[in-house]
Amino acid sequence: MSGSLLEIRKKIAGVKNTRKITKAMQLVAASKMRQFQKRALSVRHYVWDLFAILEDNLETNFRSVFTEKRTEGKTLFVLYTSDKGLCGPLNNKLNNALYRSDKWNALSDDEKMLVTIGKKSYDYARHRHIPVSKHYSGIPERLSFVDMFPVVEGILKLWREEKIKEVVFIAPHYKNSFTFYPILKTFLPFSEATIASAMGPLEEHEKPARKAKKEFDEKIIYEPSKPVILERLYEQLVQSLFTQSFLELKASEYSSRMIAMQNATDAADRITTDLTRDYNKARQSVITRELAELMGASDAITS
């Protein structure tokens, strides 16, 4: 019985040590989630202002390679996931959002291309023998232009070479600390439908206030010229949308990790309580048995 007590004590100590780790990870995830939440919402408003300029100029005669509506070529899917696990159902939801979508399943293998960002999406595709055209992982959390340049230029190069007719991003739309939506965003070609798709399911009170179109145009000075500015605007929008999706992914990742580690900590508390109860019962059984043996020995001596 003493061996059983020692085993239970070791289990209790092991669970308590695990609880310390999960609690620390929960606090770290909560801190990083708040940082990425602020950055994601800030970039979202910045992208909204860029879209406002773009939307007001979509009806002009100026046409760019980024507004071409093509009938031939493949559809490029860009799938965002995290590089690490321990973040709840985040990665599974993102993978399922793509591979179970009507848009993906309606196309044959020759009509689609896949670019994965994050180790988990690449591992998922490789395990299921899904061809991956390009893969990017290990992107620093302090994302800079130098870090995003290879990814963005790789996508734009495929578009400029007219190898694809549509670019679709699969990334989470961060709602709050407990909610995110895996959505498919059409990034290219740019159109009014693209704007609504890329901004995600924003409610009316979440959308920044828009000025009237006439008032908006009167306050814009295009230098050196309007076509040059708009062409550069399209490229900047792709970079900003990439940054926005990355930050919303990180905010959702740390939010999911915080909740997962909180659940693990609560589970460790429950296991510790159950093991402590079992330990007390076993110890009480040992004490009762020893008392019975002492009483039996005392009766044998007196008799």
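Among pairs with a residue in residues 266-291, none fulfils ring pair (Phe, Tyr, Trp, His ring centres under 6.0 Å), at least two apart in sequence or across chains. Within the structure, every pair that satisfies the salt bridge (Lys or Arg N to Asp or Glu O under 4.0 Å) test and touches residues 11-21, not counting sequence neighbours, is listed here: Glu7-Lys11, Arg19-Asp269. Among residues at least two apart or in separate chains, salt bridge (Lys or Arg N to Asp or Glu O under 4.0 Å) pairs with a member in residues 273-283 are Asp274-Arg277. Every pair passing ring pair (Phe, Tyr, Trp, His ring centres under 6.0 Å) that includes a residue from residues 12-41 is listed here, sequence neighbours excluded: Phe36-Tyr254.
In this structure the side chain of Val115 never reaches within 4.5 angstrom of the side chain of Val132, judged on heavy atoms. In this structure, Gln244 and Lys185 have side chains that are in contact, with non-hydrogen atoms separated by less than 4.5 Å. Under the 4.5 Å side-chain criterion, counting only non-hydrogen atoms from C-beta, Lys165 is not in contact with Thr71. Ile130 has its side chain within reach of Tyr99: a pair of non-hydrogen atoms, C-beta onward, lies under 4.5 Å apart. For the pair Val168 and Thr75, the minimum side-chain heavy-atom distance is below 4.5 Å. By the 4.5 Å heavy-atom criterion applied to side chains, Ser82 and Cys87 are counted as neighbours. The side-chain heavy atoms of Lys120 and Tyr124, taken from C-beta on, include no pair separated by under 4.5 Å. Between Met113 and Ile164 there is a side-chain heavy-atom pair separated by less than 4.5 Å.
The distance from the OG atom of Ser255 to the CZ atom of Arg34 is 11.5 Å, given to the nearest 0.5 Å. Note: Leu79 CG to Phe169 CZ = 11.0 Å, rounded to the nearest 0.5 Å. Rounded to the nearest 0.5 angstrom, Leu247 CG and Gln35 CD are separated by 11.5 Å.
Nearest heavy atom pair, residue Tyr136 against residue Pro150, reads OH-O, 3.7 Å. Closest approach of Ala97 to Leu184, counting heavy atoms only: O-CD1, 3.5 Å. Annotation for Asp83 and Gly118: closest pair OD1-CA, 3.2 Å, computed over non-hydrogen atoms.
Listed by chain and residue number, Asp123 satisfy the salt bridge (charged side-chain N to carboxylate O under 4.0 Å, His left out) test with Lys119 (two or more places apart in sequence, or in another chain). Legend: residues meeting side-chain hydrogen bond (donor to acceptor under 3.5 Å, both in side chains) with Thr81, ordered by chain and number and at least two apart, are Ser121. With sequence neighbours excluded, no residue satisfies side-chain hydrogen bond (donor to acceptor under 3.5 Å, both in side chains) with Arg100. Applying the side-chain hydrogen bond (donor to acceptor under 3.5 Å, both in side chains) test to Asn263 and every residue at least two apart in sequence or in another chain returns nothing. Residues that satisfy the ring-ring contact (aromatic ring centres under 6.0 Å, His included) test with Phe77, not counting sequence neighbours, are Trp104. Partners of Ser108 under the side-chain hydrogen bond (donor to acceptor under 3.5 Å, both in side chains) rule, at least two apart in sequence or in another chain, are Glu111.
Across Leu114, Ile117, Leu98, a single residue satisfies side chain to side chain contact (heavy atoms under 4.5 Å, CB included) together with Val78, and that is Ile117. For the pairing with Thr116, the side-chain hydrogen bond (donor to acceptor under 3.5 Å, both in side chains) check across Arg126, Lys134, His135 returns one residue only, His135.
Atom CG of Asn17 has more than 12 neighbouring heavy atoms from other residues, nucleotides or ligands inside a 6.0 Å radius.
Between Lys103 and Glu166, at least one side-chain nitrogen of the basic residue sits less than 4.0 Å from a carboxylate oxygen of the acidic one, meeting the salt-bridge criterion.
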Can you give the donor-acceptor pairs under 3.5 Å from side chains of residues 152-161 to other protein atoms, not counting sequence neighbours?
{"residue": "Trp159", "atom": "NE1", "partner": "Val65", "partner atom": "O", "Å": "2.7"}
{"residue": "Arg160", "atom": "NH2", "partner": "Glu235", "partner atom": "OE2", "Å": "3.3"}
{"residue": "Glu161", "atom": "OE1", "partner": "Lys163", "partner atom": "NZ", "Å": "3.3"}

Tell me, with the steps shown, if Ile271 and Thr18 meet side chain to side chain contact (heavy atoms under 4.5 Å, CB included).
CA-CA 11 Å; Ile271 294 173; Thr18 302; over 6 Å; no
Can you list the steps and then say if Arg257 with Lys84 is a side chain to side chain contact (heavy atoms under 4.5 Å, CB included)?
CA-CA 10 Å; Arg257 183 169 290 121; Lys84 301 177 182 178; 3.7 Å; yes
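When hydrophobic side chains of Ile, Leu, Val, Met, Phe, Trp and Tyr are connected at separations under 4.5 Å, Met25 ends up clustered with Ile21, Leu86, Met261.
Under the 3.5 Å distance criterion, the side-chain polar atoms of Ser252 are matched with a main-chain donor or acceptor of Glu248.
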